[in-house]
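Note that ligands are numbered from 1 as they come in the structure, with each ligand's atoms numbered from 1 the same way.
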Amino acid sequence: MPFLRRVTGGRGIPDERLAEVAEHYYARGGRSPINGQTRALQQAIRAELRRRGFSTPVLIANRNSEPFLPDVLRGAQDSGAQRLLVVTTSAYASYSSCRQYREDIAEALEQLADEGRSLQVDKIRQYATHPSFARVNARLVTDAVRASGQDDDDKLRVVFVTHSIPTAMDDTSGPGDGEGNLYEHQHDEIAHVILDEAGITLDRDLSGALVFCSRSGRPEQPWLEPDINDHLRQLAGSGVTDVVVAPIGFVSDHMEVVHDLDTEAAETAAEVGLRMTRVPTVGTDAEFVMGLIDLVEERAAQARGERVDAIAWPGEAMPSVCAAGCCPNLRIAKPAACGQD
Ligand SMILES: CC1=C(CCC(=O)O)c2cc3nc(cc4[nH]c(cc5[nH]c(cc1n2)c(C)c5CCC(=O)O)c(CCC(=O)O)c4C)C(CCC(=O)O)=C3C
Ligand SMILES: [Fe+2]
């Protein structure tokens, strides 16, 4: 509950919802698998850096549980660090998946400034549009479609899933000079190229849809839809027998995946008679990790003032330094690090 209260900090998520979510954690020993998964990613990043000849220390900091960001920054400075480069475990644009992290970095730096400390913190660009991310997801979906054993294209659907967010948050996602809705748009584009790639590799005419999980908030507040469970019920009545569920919105098999998909959505699928194959998240896939370290090198080159060609697929590269006012906090304006504002 203390963790859940920190996550939702004053955002009007009803207590009943928190009590319900707490049960998902209690059912798994009172903790999330995300901690172990983040440590595995830390090791994989460290190994890839070593392979490229860098001995840079790799630290973990959380927004809502130990080790907390300000403590980690303080510790890093005590051991001699002057600059840090942030890699978030979150790929897409939006307030929840990008700016909120930047606000927490700014707040931590302010705390340190009050203690007379100063550190420079930069961040790699959001990597949903770095080619490695879509490529790894396409390979994982291809393998899962093959493993499903369903060869009839009419009977199989790929169900792409991401975290629902309030529609008001999606509406303002993006650099601000664009049309908004960049969160949903980036997912749509990735879902499309994955279907294309998997279809080409398997010589099949695959179809699928983008759906959402883990909605919270007040019922009267609109969030992105359809919910995966409603979508599965609908598919069952349309001749589909097999679903391949691809959690493209997440980078590890954390609680949203093991509970909301592997438990809840799997129950719905069983109830309506659909066979469900769940695609793994990118996790510590070597190609994904290499992509992250390519971005680390890209950001370092930018910091040295070198011209870099920021590769992207699908869509456009997100900036390493976010635009002023992008993906705004809809409740209170707060300072955010790693951006023009
Ligand atoms: C876009 C997005 C991502 C993906 C990008 C990213 O990864 O950043 C994400 C990831 C995650 N969300 C997580 C956990 C939770 N999110 C909650 C609540 C919320 N998430 C939101 C959005 C997102 N969330 C939003 C708009 C809310 C409403 C309240 C608010 O505006 O803040 C709540 C409160 C209870 C509830 O209502 O469900 C919990 C416990 C965990 C940890 C899982 C674990 O422990 O294994 C992870 C990785
Ligand atoms: Fe969340």
Side-chain angles (χ1 to χ4, degrees), residues 1-41 60-66 69 86-105 123 126-128 133 160-173 181-187 190 210 212-219 221-225 227 247-264 281-283 318 327-332 334:
M1 287 305 285
F3 162 69
L4 295 179
R5 292 224 165 82
R6 275 193 294 271
V7 171
T8 52
R11 268 189 297 274
I13 306 296
D15 255 11
E16 308 83 77
R17 165 76 190 167
L18 294 192
E20 185 195 316
V21 174
E23 292 304 326
H24 310 163
Y25 287 85
Y26 291 137
R28 285 167 182 81
R31 61 169 59 226
S32 164
I34 200 171
N35 302 302
Q37 289 155 359
T38 308
R39 283 191 289 270
L41 182 62
I60 291 177
N62 290 323
R63 294 183 39 244
N64 297 305
S65 66
E66 287 182 339
L69 186 57
V86 170
V87 175
T88 62
T89 50
S90 167
Y92 295 84
S94 89
Y95 176 72
S96 272
S97 44
C98 183
R99 191 182 191 92
Q100 196 170 18
Y101 290 84
R102 296 175 42 229
E103 288 180 355
D104 284 13
I105 297 167
K123 179 182 156 301
Q126 292 302 89
Y127 43 83
F133 188 73
F160 297 96
V161 202
T162 190
H163 205 299
S164 185
I165 58 173
T167 57
M169 188 189 283
D170 185 47
D171 289 344
T172 57
S173 288
N181 304 103
L182 192 56
Y183 179 78
E184 183 165 16
H185 181 71
Q186 288 178 332
H187 285 88
I190 290 193
L210 175 65
F212 302 89
C213 66
S214 321
R215 181 203 203 284
S216 65
R218 285 168 281 109
Q221 185 185 34
W223 283 53
L224 294 178
E225 289 175 349
D227 179 78
I248 55 169
F250 303 117
V251 300
S252 77
D253 291 1
H254 50 57
M255 202 58 117
E256 270 49 19
V257 178
V258 296
H259 180 81
D260 300 15
L261 303 182
D262 294 350
T263 308
E264 244 177 55
T281 50
V282 291
M318 299 294 289
C327 302
N329 183 331
L330 295 174
R331 293 182 318 127
I332 3 160
K334 281 191 190 177

Discussion item. Geometry only, no angles: is Ser94 polar-contacting ligand 1 at N/O separations under 3.5 Å?
Written reply: no

Fill in: Verdict with reasoning, Thr88 to Gln126, per side-chain contact (heavy atoms from CB on, under 4.5 Å)
CA-CA 8 Å; Thr88 62; Gln126 292 302 89; 3.5 Å; yes

Practice prompt. Enter the distance from Ile34:CD1 to Thr89:OG1 here, rounded to the nearest 0.5 Å.
Written response: 5.5 Å

Discussion item. I'd like to check which ligand 1 atoms, numbered from 1 as shown, lie under 4.0 Å from a non-hydrogen atom of Ser32.
Written reply: 44 (C), 45 (O), 46 (O)

Worksheet item: What distance separates Leu182 CG from Thr172 OG1, expressed to the nearest 0.5 Å?
Response: 11.0 Å

Discussion item. Taking 4.0 Å as the limit for heavy-atom contacts, which would you say applies to Val251 with ligand 1: side chain only, backbone only, both, or neither?
Written reply: neither

Practice prompt. Just need the protein heavy atom nearest to atom 5 (C) of ligand 1, so name the residue and atom and give the distance.
Written response: Ser90 OG, 3.4 Å

Worksheet item: Run the side-chain hydrogen bond (donor to acceptor under 3.5 Å, both in side chains) check on Thr162 and Tyr183 step by step: do they pass?
Response: CA-CA 10 Å; Thr162 190; Tyr183 179 78; 3.1 Å; yes

Worksheet item: In Å and rounded to the nearest 0.5 Å, what is the CZ to CG distance from Arg5 to Asn64?
Response: 13.5 Å

Worksheet entry | Whether Tyr25 lies under 4.0 Å from ligand 1, heavy atom | yes

Item to complete: Among all protein heavy atoms, pick out the one at the shortest distance from atom 2 (C) of ligand 1; state its residue, atom name and that distance to 0.1 Å.
Response: His163 CG, 3.6 Å

Worksheet item: Short list, please: which atoms of ligand 1 are under 4.0 Å from a heavy atom of Tyr101?
Response: 6 (C), 7 (O), 8 (O)

Practice prompt. Among Ser173, Cys98, Ser97, find the residue that satisfies the side chain to side chain contact (heavy atoms under 4.5 Å, CB included) test when tested with Tyr92.
Written response: Ser97

Discussion item. Under 4.0 Å, counting heavy atoms only: does Tyr95 come that close to any atom of ligand 1?
Written reply: no

Discussion item. Atom CD of residue position Glu66 - does it have more than 12 heavy atoms of other residues, nucleotides or ligands inside 6.0 Å?
Written reply: no

Fill in: Best match, Arg331, His24, Met255, Glu256: closest heavy atom to atom 42 (C) of ligand 1
Glu256

Discussion item. If you apply the rule side-chain contact (heavy atoms from CB on, under 4.5 Å), what do you find for Thr38 with Ser252, and how did you get there?
Written reply: CA-CA 8 Å; Thr38 308; Ser252 77; 5.7 Å; no

Discussion item. Under 4.0 Å from a heavy atom of Ser216: which atoms of ligand 1 are those, numbered in the order shown and with their elements?
Written reply: 28 (C), 36 (C), 37 (O), 38 (O)

Item to complete: Please check if atom CZ in Arg31 has more than 12 non-hydrogen atoms from other residues, nucleotides or ligands closer than 6.0 Å.
Response: no

Worksheet item: Hey, is Tyr92 touching ligand 1 through its side chain, its backbone, both or neither, going by heavy atoms under 4.0 Å?
Response: neither

Worksheet item: Of the choices Arg11, Arg17, Gln37, Gln221, which has the non-hydrogen atom that lies closest to atom 32 (O) of ligand 1?
Response: Arg11

Discussion item. Which of the numbered atoms in ligand 1 are under 4.0 angstrom from any heavy atom belonging to Tyr183?
Written reply: 1 (C)

Worksheet entry | Part of His254 within contact of ligand 1 (heavy atoms, under 4.0 Å) | both

Worksheet, complete the sentence: One finds that the ligand 1 atoms under 4.0 Å from a non-hydrogen atom of Ser96 are 1 (C), 8 (O), 21 (C), 22 (C), 25 (C), 26 (C)

Item to complete: Anything under 30° is parallel, anything over 60° is perpendicular, the rest tilted; go ahead and classify His259 against His24.
Response: parallel

Discussion item. Only heavy atoms of Leu4, strictly under 4.0 Å: list the atoms of ligand 1 that pass.
Written reply: 40 (C)

Item to complete: Considering the heavy atoms of Val7, write down every atom of ligand 1 situated less than 4.0 Å from one of them.
Response: 15 (C), 16 (N), 17 (C), 32 (O), 33 (C), 34 (C), 39 (C)

Worksheet entry | Step-by-step side-chain hydrogen bond (donor to acceptor under 3.5 Å, both in side chains) determination, Trp223 to Glu225 | CA-CA 6 Å; Trp223 283 53; Glu225 289 175 349; over 6 Å; no

Worksheet item: Side chain, backbone, both or neither: which part of Trp223 comes within less than 4.0 Å of ligand 1 when only heavy atoms are counted?
Response: side chain

Worksheet entry | Which residue and heavy atom of the protein sit nearest atom 29 (C) of ligand 1, plus the separation | Ile13 CD1, 3.7 Å

Worksheet entry | From CE (Met255) to CG (Asp260), nearest 0.5 Å | 9.0 Å

Worksheet entry | Protein heavy-atom partner closest to atom 34 (C) of ligand 1 - residue, atom, separation in Å | Thr8 CG2, 3.4 Å

Worksheet item: Counting each atom of ligand 1 from 1 as listed, which ones have a heavy atom of Val21 under 4.0 Å away?
Response: 35 (C), 36 (C), 38 (O)

Practice prompt. Show your working on ring-ring contact (aromatic ring centres under 6.0 Å, His included) between His187 and Phe160 and close with a plain yes or no.
Written response: CA-CA 8 Å; His187 285 88; Phe160 297 96; 10.0 Å; no

